[in-house]
Amino acid sequence: MSFTRKKENFVCEHCGHQVEGTGYTNHCPKCLWSKHFDIEPGDRAQSCGGLMAPIDVFYQSGEWVVVHECQKCGERRRKKITPEDDFDEVIRLERQINDKKVKG
Ligand SMILES: [Zn+2]
Ligand SMILES: [Zn+2]
């Protein structure tokens with residue numbers, strides 16, 4: 001099975017940030033929002049195109065992971081945080097989410 005990484009630049013539909021495609025990520029490094037497109041090998045073509053909100057972020061096995069939820073179809077995806085991502089935003093999100101968890 002062959003898998004070609006696409007390097008596509010895109011404009012974040014959530015914050016308007018110009019995202020430089022690395023071929024490894026399809027989420028915005030500034031606000032961590034993503035779009036519902038399949039970039040994983042073996043996945044069926046996904047044409048949903050909905051915006052995916054970061055709904056959870058946690059540290060696991062030495063890596064930060066963000067969980068995205070599609071605002072259109074509700075599908076959830078896990079994505080590793082990459083060094084390109086704004087880590088301040090990761091921490092901010094984590095605090096915000098944990099605040100919500102504590103307060104219910
Ligand atoms: Zn953004
Ligand atoms: Zn979707």
Side-chain angles (χ1 to χ4, degrees):
M1 187 166 61
S2 69
F3 170 52
T4 343
R5 286 200 172 90
K6 272 195 234 164
K7 293 189 182 180
E8 282 177 6
N9 297 345
F10 62 96
V11 177
C12 174
E13 287 179 30
H14 183 66
C15 73
H17 179 66
Q18 284 266 0
V19 184
E20 235 178 85
T22 60
Y24 294 95
T25 183
N26 66 345
H27 67 257
C28 174
K30 280 276 172 208
C31 68
L32 305 175
W33 279 59
S34 184
K35 268 199 100 176
H36 196 179
F37 286 123
D38 270 333
I39 58 161
E40 312 287 344
D43 274 4
R44 60 197 179 285
Q46 185 61 255
S47 56
C48 171
L51 276 174
M52 298 189 84
I55 56 154
D56 204 0
V57 58
F58 52 87
Y59 192 70
Q60 190 183 59
S61 316
E63 292 175 319
W64 281 91
V65 177
V66 59
V67 181
H68 286 124
E69 186 179 70
C70 182
Q71 303 295 284
K72 208 168 152 187
C73 73
E75 186 170 315
R76 289 184 181 186
R77 288 277 172 91
R78 282 177 176 211
K79 201 84 200 157
K80 278 178 210 163
I81 297 292
T82 67
E84 286 79 36
D85 294 329
D86 187 342
F87 202 69
D88 287 344
E89 184 61 22
V90 175
I91 296 301
R92 202 187 63 79
L93 254 171
E94 203 237 359
R95 287 210 187 112
Q96 199 181 61
I97 288 158
N98 282 335
D99 255 27
K100 254 188 241 169
K101 276 179 189 165
V102 171
K103 285 169 194 160

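Atoms within each ligand, like the ligands themselves, are counted from 1 in listed order.
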Verify side-chain contact (heavy atoms from CB on, under 4.5 Å) between Lys30 and Cys12, making sure each step is shown before the conclusion.
-> CA-CA 9 Å; Lys30 280 276 172 208; Cys12 174; over 6 Å; no

Mind reading off the angle at the Zn ion (ligand 2) between the SG atom of Cys70 and the ND1 atom of His36, rounded to 10°?
-> 110°

So, His68 versus Asp56: side-chain donor-acceptor pair below 3.5 Å or not?
-> no

By residue and atom, what protein N/O/S atoms are less than 2.8 Å from the Zn ion (ligand 1)?
-> Cys12 SG, Cys15 SG, Cys28 SG, Cys31 SG

Would you check if Cys28 and Ser34 make a side-chain contact, meaning some heavy-atom pair closer than 4.5 Å?
-> no

Any donor-acceptor pair under 3.5 Å linking the side chain of Glu69 with the backbone of Val67?
-> no

Salt bridge flag under 4.0 Å for residues Arg92 and Glu94 | no

Who pairs with Arg95 by side-chain contact (heavy atoms from CB on, under 4.5 Å), at least two apart in sequence or on another chain?
-> Ile91

